[in-house]
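As structure tokens, the structure follows; a few thoughts come after it.
Proteins get letters first, then strands, A, B, ... in listed order; numbering begins at 1 in each. Everything numeric here is computed off the predicted structure, so don't read it as measured data.
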Protein chains: 2
Amino acid sequence: MSKAERTREFIVEKTAPIFNVKGYAGTSISDLTEATGLTKGSIYGNFENKDEVALAAFDCNYKKISSYLKAEMDKHSSYKEKLLVHASFYENFFKAPFPDGGCPILNTAIEADDTHPQLRERASEAITSWKSKIMELIKKGIDNKEFRSDVQLEQTAISLIALIEGGIMIAKLTGKLNYRKLIMQSVEKAINDLT
Amino acid sequence: MSKAERTREFIVEKTAPIFNVKGYAGTSISDLTEATGLTKGSIYGNFENKDEVALAAFDCNYKKISSYLKAEMDKHSSYKEKLLVHASFYENFFKAPFPDGGCPILNTAIEADDTHPQLRERASEAITSWKSKIMELIKKGIDNKEFRSDVQLEQTAISLIALIEGGIMIAKLTGKLNYRKLIMQSVEKAINDLT
DNA sequence: TATATAAAATACCGATCGGTATGTTTTTGT
DNA sequence: ACAAAAACATACCGATCGGTATTTTATATA
């Protein structure tokens with residue numbers, strides 16, 4: 001691993017939470033130099049421009065949540081338990097190892113959908129791939145006789161994601177623990193209803 | 001109505017969609033002068049600063065959607081039909097009279113939750129008031145024997161909002177009509193399950 | 001250890017940022 | 001119709017924006 005590669009990773013690691021908190025437009029180059037202790041010359045020596053840092057930051061933030069999900073799912077054998085990881089995913093969203101600022105998919109989606117095609121595409125792909133993953137789990141659960149055979153695959157998957165993301169927004173916005181609890185119960189209920 | 005009041009409203013009306021599309025940090029004063037055809041002096045003659053325009057813009061965007069909801073609900077007599085307005089609300093969200101840029105509550109929540117306390121508070125109040133309105137409708141529906149008596153009032157209300165807001169994010173982000181349709185069906189199903 | 005090379009710091013660029021002080025033009029009440 | 005006041009335009013402010021050219025420092029290799 002070369003010096004340049006290490007510095008690149010260092011910059012991304014330090015600045016990813018900033019982009020997630022302040023957004024793309026709200027994050028300045030001086031935010032990046034302050035967070036890293038490096039200078040502009042160093043940032044621009046390792047990245048083409050601000051866009052490239054932002055994209056790498058999204059990838060970093062996204063990887064944190066997707067690898068958490070995968071690792072937690074691997075701990076369970078039944079497909080119902082794997083799906084239920086989404087409830088704890090949601091419950092723990094505001095603690096480590098999740099990045100500050102809430103869900104990076106949601107944050108990026110809202111800011112970039114009308115303004116930044118590249119970031120938008122990243123977020124869009126994340127949603128689609130998440131949906132596919134859930135559909136796959138449900139399908140295997142059906143084959144495995146864990147779930148009913150008449151479950152609406154795609155509708156269940158995409159609606160579960162909508163519920164979780166909407167729930168993250170509400171919980172973070174209002175700070176009300178009770179809202180978080182209630183929505184988490186709905187997530188659990190939606191999964192229990194598959195059986 | 002004085003000239004100043006008319007100009008103030010004119011500025012808000014013209015700039016509200018810009019704030020909703022570009023966000024607070026992404027909208028500049030020159031965006032405001034371009035959209036209105038006015039000059040900086042005129043903007044700052046009617047508003048203290050950028051913040052004040054942004055807050056008025058949020059109020060304007062929020063009023064558009066809340067008055068739509070109220071007007072549509074008033075067209076129906078049963079509480080189930082009133083609640084089902086949320087499905088058409090969601091289905092029509094990307095056409096007039098809804099402001100460009102998606103749901104202003106959602107947009108403001110995501111950008112402002114860590115960065116702008118005043119805007120955050122506006123969005124937070126909007127969610128809480130929306131939840132109360134839904135709870136009230138369900139309660140009346142229960143008293144009216146339209147809905148089951150064991151419905152979880154607050155959980156149903158807050159989860160319905162989460163589903164809708166998450167759905168708006170996904171639909172706008174991916175542009176996939178099928179996702180929108182599927183989530184809308186989930187909204188309808190959640191309401192039908194109250195009976 | 002000397003030298004070539006890569007990486008980081010410095011210093012600077014024009015443009016735009018949010019905001020203001022000062023004119024000039026329109027309203028407004030009489 | 002007129003003066004006072006309000007509204008709007010112009011011109012400008014320092015600060016910061018994203019980005020670059022150049023110089024200094026660190027690293028790798030012979």
Name all residues meeting the salt bridge (Lys or Arg N to Asp or Glu O under 4.0 Å) criterion together with A:Glu72; count only those two or more places apart in sequence or in a different chain, and write none if there are none. A:Lys75
Under 3.5 Å, side-chain donor or acceptor atoms of residues 158-170 of chain A against the rest of the protein: list the pairs with distances, not counting sequence neighbours.
residue, atom, partner, partner atom, Å
A:Ser159, OG, A:Gln155, O, 2.7
A:Ser159, OG, B:Ser186, OG, 2.6

Return the set of residues passing side-chain contact (heavy atoms from CB on, under 4.5 Å) with A:Ser149 (not counting sequence neighbours), or none when no residue passes. A:Ile142
Is there a residue in residues 12-29 of chain B whose heavy atoms reach under 4.0 Å of DNA chain C, and which residues are they? B:Thr27, B:Ser28, B:Ile29
Begin with the C-alpha distance, continue with both residues' side-chain angles, and end with the deciding distance and a verdict on side chain to side chain donor-acceptor pair (under 3.5 Å) for B:Lys131 and A:Tyr179. CA-CA 10 Å; B:Lys131 190 209 70 174; A:Tyr179 290 1; 3.2 Å; yes
Find the bend of the helix from C:dT1-D:dA30 to C:dT30-D:dA1 as the angle between its two terminal axes (five pairs each), to the nearest 10°. 30°
Listed by chain and number, what are the side-chain contact (heavy atoms from CB on, under 4.5 Å) partners of B:Glu125, not counting sequence neighbours? B:Glu121
Between D:dA6 and B:Ser2, is there an OP1 or OP2 to side-chain N/O distance shorter than 4.0 Å? no
Under the rule for salt bridge (Lys or Arg N to Asp or Glu O under 4.0 Å), what residues qualify as partners of B:Lys189, not counting sequence neighbours? B:Asp193
Name every residue in residues 39-52 of chain B that has at least one heavy atom under 4.0 Å from any atom of DNA chain C, in order of residue number, or write none if there are no such residues. B:Lys40, B:Tyr44, B:Asn49, B:Lys50
Can you give the first and last nucleotides of DNA chain C, 5' to 3', that have an atom under 4.0 Å from a heavy atom of chain B? C:dC17 to C:dT28
Ring centres under 6.0 Å, that's the criterion: do B:Tyr68 and B:Phe98 meet it? yes
For the CD atom of A:Gln152 and the CG atom of A:Asp150, what is their distance to the nearest 0.5 Å? 7.5 Å
Could I get the full list of salt bridge (Lys or Arg N to Asp or Glu O under 4.0 Å) partners for B:Lys95, not counting sequence neighbours? none
Using 30° and 60° as the class boundaries, would you call the ring planes of B:Phe89 and B:His86 parallel, tilted or perpendicular? perpendicular
If the condition is side chain to side chain donor-acceptor pair (under 3.5 Å), which residues does A:Glu188 pass it with, not counting sequence neighbours? none
Those residues that, when tested against A:Arg120, pass salt bridge (Lys or Arg N to Asp or Glu O under 4.0 Å) (two or more places apart): none
Give me the ring orientation class for B:His116 and B:Tyr24: parallel if the planes are under 30° apart, tilted from 30 to 60°, perpendicular past 60°. perpendicular
With heavy atoms under 4.0 Å as the rule, sort B:Arg6 into base, sugar-phosphate or nothing. sugar-phosphate
